[in-house]
There are 2 protein chains.
Amino acid sequence: MNSEQLLNNKIEELKEACKKNGMRVTPQRIEIFKEVAKSCKHPDAETVYEAVKHKMPNVSVDTVYRTLASLEELNMIFRVDNLLPKARFDADLRPHNHFICVQCNEVYDIFLEPDEKKQIPKNAHSFGEIKDINIQIRGICNKCLKNNTK
Amino acid sequence: MNSEQLLNNKIEELKEACKKNGMRVTPQRIEIFKEVAKSCKHPDAETVYEAVKHKMPNVSVDTVYRTLASLEELNMIFRVDNLLPKARFDADLRPHNHFICVQCNEVYDIFLEPDEKKQIPKNAHSFGEIKDINIQIRGICNKCLKNNTK
DNA sequence: CTATAAATAGTAATAATTCTTATTAAGGAA
DNA sequence: TTCCTTAATAAGAATTATTACTATTTATAG
């Protein structure tokens with residue numbers, strides 16, 4: 001299955017999710033979701049807005065923010081913890097972590113090796129009901145390290 | 001050693017750090033640091049500002065933000081990844097994780113059991129130079145769970 | 001095809017944080 | 001101690017990301 005097919009599958013999934021939750025399937029929703037889903041760069045709202053504007057020149061900033069929030073509620077995308085000024089979004093729902101470059105703000109996906117398992121600290125359960133666990137690694141990415149030595 | 005002594009030690013440490021880095025020791029810096037260091041609530045800038053204002057009525061918002069940023073550069077405090085609209089600060093430098101309640105926004109410290117170790121995913125090193133690793137657990141805290149059932 | 005309510009566009013407003021500038025004060029030197 | 005230099009501050013304006021408001025449009029059920 002190629003990436004275009006995967007994307008189409010995801011869009012079908014989104015349509016189902018909308019219907020199941022009494023939400024309408026609008027071209028804006030599709031386009032906005034597409035932009036997040038096809039990117040591996042964990043785009044922010046502004047980036048999504050600029051990209052969508054090429055196909056839908058009248059789309060409004062508000063729609064992008066509102067839609068990203070509803071896609072999140074549908075569990076079709078999620079926000080990446082990042083300590084950066086702008087929220088970043090990810091449509092890859094497979095469990096994975098992030099490497100965040102503190103210099104260029106790039107966010108890289110870290111997939112665990114088959115023998116690794118996302119660990120929940122033993123004590124965590126004593127604080128309440130866990131919804132999700134999130135691991136970020138902050139550092140300087142190879143690209144920036146290379147540029148820095150020049 | 002009681003908590004007051006611990007706090008005093010930390011303040012001495014801050015003074016040293018300032019001197020070593022050519023930064024002046026100002027009463028504002030001391031007070032702002034104290035507020036973060038004595039709290040276990042991971043306060044935001046506004047909370048720190050309100051608290052400091054009791055002792056220094058003329059302190060400005062800007063000074064609080066600027067000082068929190070320089071304390072961070074001195075590695076005396078750090079920001080908690082939190083996906084909340086306001087930055088939260090922590091002066092406890094011992095390695096630990098956080099439980100973040102998505103309902104009341106309370107941030108709880110999770111200390112690892114002696115036999116646990118903060119694990120860095122194997123792949124992480126391939127992305128660049130790691131500065132720090134951060135684990136957050138999001139969920140609903142016991143307090144909120146209790147309130148919700150009422 | 002029509003009715004209706006959800007979603008949108010356009011724009012104004014808000015919230016958190018940062019910047020600007022004139023003033024103050026920490027800390028080294030005389 | 002007193003003076004000097006410059007970092008740090010207070011006050012308020014500005015900026016940035018995000019959210020709210022409202023009239024209009026449009027998805028979809030009947």
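Just so it is clear: chains get the letters A, B, ... in the order the sequence lines come, proteins before strands, and each one is counted from 1.
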**Message:** Go through it in stages, so that I can follow the logic: the residues are B:Gln103 and B:Asn148, the test is side chain to side chain donor-acceptor pair (under 3.5 Å), and I'd like the CA-CA distance, side-chain angles, deciding distance and then a yes or no.
**Reply:** CA-CA 10 Å; B:Gln103 191 172 320; B:Asn148 293 349; 2.9 Å; yes
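- When the nearest nucleotides of DNA chain C are assigned to A:Thr67 and A:Val61 by heavy-atom distance, the more 5′-ward of the two goes with A:Thr67.
- Remark: the backbone N or O of A:Ser126 is paired with a side-chain donor or acceptor of B:Asn142 at under 3.5 angstrom.
- Near-neighbour residues of DNA chain C inside residues 68-79 of chain B, defined by a heavy atom below 4.0 Å, are absent.
- For the contact set between residues 32-49 of chain A and DNA chain D, defined by any heavy atom under 4.0 Å, there are no members.
- Residue pairs that meet the ring-ring contact (aromatic ring centres under 6.0 Å, His included) test with at least one member in residues 38-81 of chain A, sequence neighbours left out, are A:His42-A:His98.
- Of the residues near DNA chain D, B:Met56 and B:Gly22, the one whose nearest nucleotide (by heavy atom distance) lies more toward the 5' end is B:Gly22.
- Between the P atom of D:dA7 and the CG atom of B:Asn21 lies a distance of 14 Å, rounded to the nearest Å.
- Taking the side-chain contact (heavy atoms from CB on, under 4.5 Å) definition, one finds that A:Cys104 meets it with A:Cys101, A:Glu106, A:Cys141, A:Cys144, sequence neighbours left out.
- For A:Glu113, the side chain to side chain donor-acceptor pair (under 3.5 Å) partners at least two apart in sequence or on another chain are B:Asn123.
- Listed by chain and number, the residues in a side chain to side chain donor-acceptor pair (under 3.5 Å) with B:Lys38 are B:Glu35 (sequence neighbours excluded).
- In the 5' to 3' direction, nucleotides of DNA chain C lying under 4.0 Å from heavy atoms of chain B begin and end at C:dA16 to C:dG27.
- In plain terms, the two heavy atoms of B:Phe127 and A:Asp109 that are nearest each other are CZ-O, 3.0 Å.
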**Request:** Sugar-phosphate atoms are those with a prime plus P, OP1 and OP2; base atoms are the rest. Using that split, label each nucleotide of nucleotides 20-30 of chain D B, S or - for protein heavy atoms under 4.0 Å, 5' to 3'.
**Result:** BB----BBS--
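- One finds the CD atom of A:Glu4 at 6.0 Å from the CG atom of A:Asn2 (value rounded to the nearest 0.5 Å).
- Counted within 6.0 Å of NZ on A:Lys122, heavy atoms from surrounding residues, nucleotides or ligands total more than 12; the atom is thus considered enclosed.
- Following rounding to the nearest Å, A:Glu50 (CD) and D:dA17 (P) show an atom-to-atom distance of 12 Å.
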Below 3.5 Å, can you tabulate the donor-acceptor pairs from side chains in residues 67-77 of chain A to any protein atom, sequence neighbours excluded?
| unit_1 | atom_1 | unit_2 | atom_2 | d |
| --- | --- | --- | --- | --- |
| A:Thr67 | OG1 | A:Thr63 | O | 2.6 |
| A:Ser70 | OG | A:Arg66 | O | 3.0 |
| A:Ser70 | OG | A:Thr67 | O | 3.2 |
| A:Glu72 | OE1 | A:Arg79 | NE | 2.9 |
| A:Glu72 | OE1 | A:Arg79 | NH2 | 3.0 |
| A:Glu72 | OE2 | A:Arg79 | NE | 3.2 |

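- For the helix from C:dC1-D:dG30 to C:dA30-D:dT1, the axis fitted to the five pairs at one end and the axis fitted to the five pairs at the other end meet at an angle of 30° (nearest 10 degrees).
- When each of D:dT9, D:dA10, D:dA17 is scored by its nearest atom to the side-chain atoms of A:Tyr65, the top-ranked nucleotide is D:dA17.
- If you take CG on B:Asp81 and CG on A:Asn134, they are separated by 8.5 Å, rounding to the nearest 0.5 Å.
- Looking at B:Ser39, its side chain never comes within 3.5 Å of a backbone N or O of B:Val36 through a donor-acceptor pair.
- To the nearest 0.5 Å, atom NZ of residue A:Lys143 and atom CG of residue A:Asn147 are 8.0 Å apart.
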Name each donor-acceptor pair under 3.5 Å that joins a side chain in residues 11-25 of chain B to protein atoms two or more places apart or in another chain, with its distance.
| unit_1 | atom_1 | unit_2 | atom_2 | d |
| --- | --- | --- | --- | --- |
| B:Asn21 | ND2 | B:Ala17 | O | 2.7 |

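- Residues passing the side-chain contact (heavy atoms from CB on, under 4.5 Å) test with A:Asn58: none are found, sequence neighbours excluded.
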